[in-house]
Amino acid sequence: MPVEVFSGETGFSWFPAYDKKKWKYPDYRIRTLQVQFSRKPDVLVDVPSSSFIEENLDLAYAISVHKAQGSEFEVVYFVLPNKRSAFLSTELVYTALTRASKRCVLFLQNDITPLLWSRRREQSALIGINSSLFTVRVVPSALENRSWYQEGRIHRTLTEYMVRSKSEVIICNLLAGREIPFLYEYPLYALDGSFYLPDFTVTAGGREWYWEHLGILDNPAYRERWEQKKAWYDRWFPGQLVTTEDGPDLTKDALSLIERYFN
């Protein structure tokens with residue numbers, strides 16, 4: 001009777017009773033396995049040759065989320081390291097959690113940061129897909145390159161924006177309180193097609209300004225990225241960049257900048 005076996009199915013295997021004589025010493029060669037797949041508990045599937053075994057069956061002491069997709073288990077142990085990766089998406093975590101029919105146990109390294117990070121809207125794989133299932137929705141070109149997302153937007157402001165740091169909360173609220181028009185992390189394109197996301201794009205006095213808040217300049221990698229970004233501003237948008245830095249006087253410095261440029 002033909003049995004349909006799909007990619008990713010899991011089960012248990014053993015030597016069939018009728019084949020025991022063929023693999024006893026000195027002629028110890030496995031010629032056949034029987035596999036009971038989890039979705040077909042009442043059927044034993046014969047796997048008759050070693051070449052077929054090597055090409056189509058893998059040991060599953062632990063399997064990836066992608067490999068487990070489409071399968072269901074009573075208990076799932078989900079190991080999530082504290083390392084941000086391009087492969088860690090909202091959909092991947094959802095797939096892992098929903099493989100369990102009774103219980104899912106999470107093993108998180110250090111803290112729940114990876115879970116929080118995977119909840120960010122920018123981590124969704126779906127928002128980066130062009131679709132026309134219900135209405136035509138074209139992905140903004142800025143989303144094609146997500147390397148500009150340094151951290152998740154986790155801080156709420158007095159506006160509709162969620163921002164990435166408490167310092168940005170201060171700046172955002174100061175601009176909103178003075179009813180100065182601005183956009184947060186709105187893509188800014190140069191004539192050569194390159195782009196960055198200014199922290200704040202501010203419109204005042206008939207001009208457009210780009211406000212960057214510098215958070216960790218003592219970090220060599222951060223400073224190097226900032227120097228490259230500043231050179232980009234100097235080339236394509238000279239005289240339109242304003243900056244602030246982290247420190248105890250941030251509110252005072254931000255107010256001074258607002259008074260100088262935006263009033």
Side-chain angles (χ1 to χ4, degrees), residues 80-89 108-123 142-159 161-178 180 182-190 192 194-202 204 207-263:
L80 190 58
N82 191 13
K83 181 179 180 181
R84 296 178 181 180
S85 166
F87 297 103
L88 179 59
S89 66
L108 305 177
Q109 183 182 15
N110 296 333
D111 53 42
I112 64 171
T113 299
L115 280 180
L116 295 176
W117 190 58
S118 68
R119 294 179 63 245
R120 313 298 177 221
R121 184 175 181 275
E122 64 268 20
Q123 285 307 116
L143 287 178
E144 295 175 1
N145 176 13
R146 303 187 189 187
S147 60
W148 34 262
Y149 275 109
Q150 301 296 325
E151 301 287 342
R153 299 184 182 185
I154 60 175
H155 298 283
R156 190 175 302 280
T157 69
L158 297 177
T159 71
Y161 294 120
M162 296 287 289
V163 297
R164 304 182 188 280
S165 70
K166 294 179 180 178
S167 296
E168 290 184 338
V169 172
I170 293 173
I171 297 171
C172 188
N173 290 345
L174 288 175
L175 290 170
R178 284 154 182 77
I180 299 173
F182 72 95
L183 299 170
Y184 179 69
E185 289 192 345
Y186 188 79
L188 175 63
Y189 288 90
D192 65 348
S194 61
F195 81 95
Y196 275 104
L197 295 182
D199 289 337
F200 301 92
T201 300
V202 183
R207 296 188 63 185
E208 195 165 78
W209 303 86
Y210 309 111
W211 186 340
E212 293 284 0
H213 179 72
L214 312 179
I216 48 175
L217 288 174
D218 56 338
N219 181 300
Y222 181 95
R223 176 177 287 276
E224 182 180 355
R225 289 196 300 270
W226 163 242
E227 289 175 352
Q228 293 173 354
K229 192 174 185 180
K230 185 177 183 301
W232 183 85
Y233 277 116
D234 291 341
R235 177 183 180 186
W236 298 107
F237 304 95
Q240 293 177 260
L241 174 67
V242 296
T243 62
T244 49
E245 297 183 17
D246 264 349
D249 295 326
L250 173 58
T251 301
K252 180 180 177 181
D253 293 341
L255 282 172
S256 176
L257 188 150
I258 290 172
E259 292 293 332
R260 179 179 178 183
Y261 292 100
F262 307 149
N263 283 337

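When the side-chain hydrogen bond (donor to acceptor under 3.5 Å, both in side chains) test is applied to Tyr233, the partners found at least two apart in sequence or on another chain are Glu212. Listed by chain and number, the residues in a side-chain hydrogen bond (donor to acceptor under 3.5 Å, both in side chains) with Asp192 are Ser194 (sequence neighbours excluded). With sequence neighbours excluded, the residues forming a side-chain contact (heavy atoms from CB on, under 4.5 Å) with Tyr222 are Leu214, Ile216, Leu217, Asn219, Arg225, listed by chain and number. Residues satisfying the side-chain contact (heavy atoms from CB on, under 4.5 Å) criterion with Lys230, sequence neighbours excluded, are Trp226, Asp234, Leu241. A search for side-chain hydrogen bond (donor to acceptor under 3.5 Å, both in side chains) contacts involving Thr244 returns Trp211, His213, not counting sequence neighbours.
With hydrogens and angles disregarded, no donor-acceptor distance shorter than 3.5 Å links the side chain of Glu208 to the backbone of Thr201.
Between the CG atom in Asp199 and the CD1 atom in Ile171 there is a gap of 7.0 Å [rounded to 0.5 Å]. Atom SG of Cys172 sits about 12.0 Å away from atom CZ of Arg156, to the nearest 0.5 Å. Within the model, atoms CZ of Phe200 and CG of Leu183 stand 11.0 Å from one another, a figure rounded to the nearest 0.5 Å.
Contact between Thr159 and Ala176 at its shortest, heavy atoms only, is CG2-CB, 3.4 Å. Contact detail for Leu257 and Thr243: the closest heavy-atom pair is CD1-O, 3.5 Å.
Aromatic ring centroids of Tyr161 and Phe182 lie under 6.0 Å apart.
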Subject >> Check against side chain to side chain contact (heavy atoms under 4.5 Å, CB included), Trp236 and Leu188 >> reply: CA-CA 10 Å; Trp236 298 107; Leu188 175 63; over 6 Å; no
**OP:** With side chain to side chain contact (heavy atoms under 4.5 Å, CB included) as the test, would you mind laying out the steps for Glu168 and Tyr184 before giving the verdict?
**Re:** CA-CA 10 Å; Glu168 290 184 338; Tyr184 179 69; 2.6 Å; yes
Original post:
Hey, mind stepping through Leu255 and Thr251 against side chain to side chain contact (heavy atoms under 4.5 Å, CB included) and telling me if it holds?
Top reply: CA-CA 6 Å; Leu255 282 172; Thr251 301; 4.3 Å; yes
**OP:** Could you walk me through whether Val242 and Phe262 pass side chain to side chain contact (heavy atoms under 4.5 Å, CB included), step by step?
**Re:** CA-CA 11 Å; Val242 296; Phe262 307 149; 4.2 Å; yes
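Sequence neighbours left out, the pairs with a member in residues 237-260 that pass ring-ring contact (aromatic ring centres under 6.0 Å, His included) are Tyr210-Phe237, Trp232-Phe237.
When the shell of 6.0 Å around CZ of Arg207 is examined, it contains more than 12 heavy atoms from other residues, nucleotides or ligands.
No side-chain N or O of Ser165 forms a donor-acceptor pair with one of Ser167 less than 3.5 Å apart.
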